[in-house]
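Worth saying up front: this structure is predicted, and the values here are computed from it rather than measured.
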Amino acid sequence: MLLGRPAHDAAVNVLRDRYDVVEATTIDDAIAALRREDFVGVFSDSEDFLPLERALVSQQATLVLNTIGEGVCIVDGEGRCNWMNRKMTAWPARVHEIVRRTCKDAFDHFSKFTPADLASSGSLKSKRYNITVEDAQFLEMIASPVLKPNGTVVQIVAVVWDATSSRRLQQKIDAIDRAGREMMHLDADEIRKLDVVERLKVLEDKIIGYTKELMHFDHFAIRLIDRKSNKLEIVMSAGLPPEALNIELFAAPEGNGISGFVAATGRSYICPDVERDPRYVQGLESALSSLTVPLRLHDKVIGIFNVESRHRGAFNEDDRQFAEIFGRYIAMALNTLDLMVKERVETSHKIADEVAAEVAGPLNDISIDVSSIMEEFIANDDLRAKLQTVLDNVGYVRHSLRQAAAGPNTTILGAKELAEKPIVHDSLISGANVLVVDDEPNIRETIADVLRKYRANVTVCFSGQQAIDRINDETYDLVLSDISMPDRSGYDVFLAASKSQKHPNVILMTGFGYDPSHCIVRASQEGLQAVLYKPFRVERLLEEVRKALRNRHEVEGHA
């Protein structure tokens with residue numbers, strides 16, 4: 001573009017030969033042309049160059065301010081807006097009003113300082129404001145003073161941007177943090193009074209409640225990795241059909257669905273369209289998308305949190321981030337419950353050891369004294385018989401203490417006394433077909449002996465798989481199964497009974513309520529009759545057996 005009439009016409013002719021040249025006779029014409037078109041160069045008389053340069057700089061500054069994504073405005077001491085860029089102009093009047101008032105506050109703030117104060121670097125710092133618009137929009141603003149040469153504040157330049165999404169993101173994270181802390185707030189004294197089912201029910205209610213109310217997830221499942229089998233065991237779920245929950249999945253990157261992949265790799269997985277994802281395994285009926293995140297405990301993956309939706313593309317990166325944070329709290333809460341039970345087991349063993357050590361001396365003294373008296377009254381048969389009973393009882397106490405110290409899986413209290421009684425007829429137990437499953441020989445044989453004393457037909461199995469094979473071949477009125485066995489869990493036994501019988505009747509057993517694979521809570525959701533916590537008394541065993549058989553008769557009577 002040519003401004004004015006340059007003296008060197010020869011140079012102008014050269015330019016015309018090579019370029020399309022536009023001529024402007026005044027600076028205003030030149031600026032108007034610059035606004036309409038792009039030029040590779042501007043040629044002007046020297047006396048026109050300085051005002052043109054200033055005009056171009058002003059134009060470029062305006063262009064920059066109108067291009068940036070933040071709102072910019074200049075407000076005077078009366079709160080009047082003297083200029084605003086396009087972004088600011090686009091916001092509604094209510095935003096303009098709040099920004100003007102805030103700029104007026106900033107003007108008053110900076111005006112409190114003397115010109116000398118404002119000239120110092122510390123007092124010239126911009127002031128930051130958080131602005132809320134009708135509880136629906138959140139803005140952030142930085143206000144900076146415009147000073148005269150003498151240091152007097154004359155205007156405020158404000159840069160304003162919409163922080164609604166980031167503020168809501170932070171609010172959601174804060175809400176998840178509060179919910180997680182509430183899940184973790186399990187009063188130890190109160191929790192210890194509850195059994196495993198009750199403890200997990202407390203936690204389950206909290207997790208399901210927060211997942212629905214806070215995360216707005218209505219269809220989800222939580223699976224934990226069984227460290228022995230690497231299987232992903234269902235712990236709790238909501239809104240998913242039984243056929244989805246009963247699918248066997250393992251922590252492996254291939255061939256075990258999205259859940260197996262996440263558990264094996266520790267990487268979250270958003271599935272926007274289940275119909276196009278080869279890793280997806282059946283979950284919610286008519287599901288179209290899913291989100292799966294790992295449950296981490298001290299950077300170790302202990303399970304997965306899987307969410308399903310009937311809408312395509314229902315989950316985004318924010319959902320992933322929220323679910324990962326929430327998943328860490330789930331993992332910590334489940335671990336806290338496990339630690340409480342482990343503490344109970346270890347404390348019980350310790351107490352049993354200490355009691356055994358404390359009474360060992362007195363029991364020895366009793367045995368020695370009784371043996372000595374028996375030798376003195378060798379001709380008194382009645383007295384010797386009574387003293388022999390004392391010795392037998394001392395031996396029984398020693399045996400019981402050794403069993404208690406060895407752990408709950410070796411003890412059923414009161415079995416010895418029952419063994420000395422005659423066979424008992426019981427209308428509920430007599431003739432009932434009962435399957436007893438436990439990998440501890442003493443437990444399964446003692447339970448079998450007790451039930452046979454009441455004329456039950458008892459079959460014993462030493463493993464979960466053996467029991468499952470029996471259940472598939474025969475019908476039992478009642479199944480009593482330990483939870484933790486080397487091959488199959490108590491839940492596997494319960495599941496087999498549920499599949500083979502119309503009205504499954506199962507009682508699960510566990511030492512001190514310890515349930516690392518959470519068999520109890522899963523089976524409780526699906527019709528488990530009762531749980532026995534070892535060591536239990538014979539009376540407790542018989543009470544639960546009678547109750548289970550009575551319930552079975554009532555159910556079959558109404559069927």
Side-chain angles (χ1 to χ4, degrees), residues 69 136-138 162-177 179-180 204 207-225 231-296 301-331 525:
Q137 187 178 21
F138 301 98
D162 193 331
T164 303
S165 61
S166 60
R167 181 73 65 86
R168 286 178 177 166
L169 177 66
Q170 187 59 52
Q171 288 177 339
K172 187 71 172 283
I173 292 174
D174 291 342
I176 292 172
D177 185 62
E204 181 183 31
I207 291 176
I208 291 177
Y210 284 126
T211 302
K212 289 185 175 182
E213 296 167 15
L214 181 62
M215 309 292 289
H216 305 296
F217 297 157
D218 295 320
H219 311 284
F220 62 89
I222 295 171
R223 292 176 180 260
L224 294 184
I225 302 172
K231 185 178 178 181
L232 287 170
E233 300 282 9
I234 285 286
V235 176
M236 59 187 69
S237 65
L240 296 180
E243 55 268 24
L245 302 177
N246 292 335
I247 295 174
E248 279 199 348
L249 297 173
F250 294 84
E254 300 298 335
N256 285 274
I258 294 173
S259 294
F261 175 84
V262 172
T265 64
R267 300 204 301 268
S268 296
Y269 198 106
I270 297 176
C271 175
D273 188 347
V274 301
E275 295 176 352
R276 298 186 177 186
D277 196 319
R279 280 201 174 98
Y280 182 79
V281 174
Q282 177 189 2
L284 173 68
E285 184 180 357
S286 303
L288 293 177
S289 61
S290 71
L291 166 66
T292 309
V293 300
L295 298 181
R296 293 185 179 276
V301 177
I302 66 169
I304 60 94
F305 180 31
N306 169 244
V307 189
E308 306 273 329
S309 173
R310 289 193 174 96
H311 303 281
R312 281 190 177 86
F315 307 102
N316 56 30
E317 284 300 311
D318 285 348
D319 295 315
R320 177 195 60 77
Q321 182 181 13
F322 296 150
E324 285 179 354
I325 296 171
F326 191 62
R328 285 188 179 272
Y329 281 112
I330 293 174
Q525 297 170 340

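Among all heavy-atom pairs drawn from G266 and V301, the shortest one is CA-CG2, 3.8 Å. Taking both residues in full, the closest heavy atoms of E285 and R310 are given as O-NE, 3.2 Å, listed atom of the first, atom of the second, then distance. Between N256 and F250 the shortest heavy-atom distance is OD1-N, 2.9 Å. The shortest heavy-atom contact between M215 and A323 is CE-N, 3.6 Å. Contact detail for G257 and V281: the closest heavy-atom pair is CA-CG2, 3.4 Å. Minimum interatomic distance between F326 and T211 (heavy atoms only, all atoms of both residues): CE2-OG1, 3.1 Å.
In this structure, CD1 in I258 is found 10.5 Å from CG in L249, a value given to the nearest 0.5 Å. We find the NE2-NZ distance between H219 and K212 to be 8.5 Å, quoted to the nearest 0.5 Å. Rounded to the nearest 0.5 Å, atoms CZ (F138) and OG (S165) are 11.0 Å apart. Note that CD1 of I302 and CZ of R223 are 15.0 Å apart. Values are rounded to the nearest 0.5 Å. Rounding to the nearest 0.5 angstrom, the gap separating the CZ atom in R276 from the CZ atom in R312 is 7.5 Å. Atom CD of residue E308 and atom CG of residue L240 lie 6.0 Å apart, to the nearest 0.5 angstrom.
Under the rule for a ring-ring contact (aromatic ring centres under 6.0 Å, His included), the partners of F220 that lie at least two apart in sequence or sit in another chain are F305. Residues passing the side chain to side chain donor-acceptor pair (under 3.5 Å) test with R328, sequence neighbours excluded: none. By the ring-ring contact (aromatic ring centres under 6.0 Å, His included) test, F322 pairs with no residue at all, sequence neighbours left out.
Annotation: ring-ring contact (aromatic ring centres under 6.0 Å, His included) contacts involving residues 256-278, sequence neighbours excluded, comprise F261-Y269. Residue pairs meeting the salt bridge (charged side-chain N to carboxylate O under 4.0 Å, His left out) criterion with at least one member in residues 242-254, sequence neighbours excluded, are K231-E248, E254-R279.
Residues I325 and D177 are not in side-chain contact: their nearest non-hydrogen atoms beyond the backbone lie 4.5 Å or more apart.
Screening L232, I208, L295 for a side-chain contact (heavy atoms from CB on, under 4.5 Å) with I222, the sole residue that qualifies is L295.
Within 6.0 Å of CD on E213 lie no more than 12 heavy atoms contributed by other residues, nucleotides or ligands.
The backbone N or O of N316 lies less than 3.5 Å from a partner atom in the side chain of D319, making a donor-acceptor pair.
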Which side-chain N or O atoms in residues 287-294 pair as donor and acceptor under 3.5 Å with protein atoms at least two apart or in another chain?
unit_1	atom_1	unit_2	atom_2	d
S289	OG	H311	O	2.5
S289	OG	A314	N	3.4
T292	OG1	N306	ND2	2.9

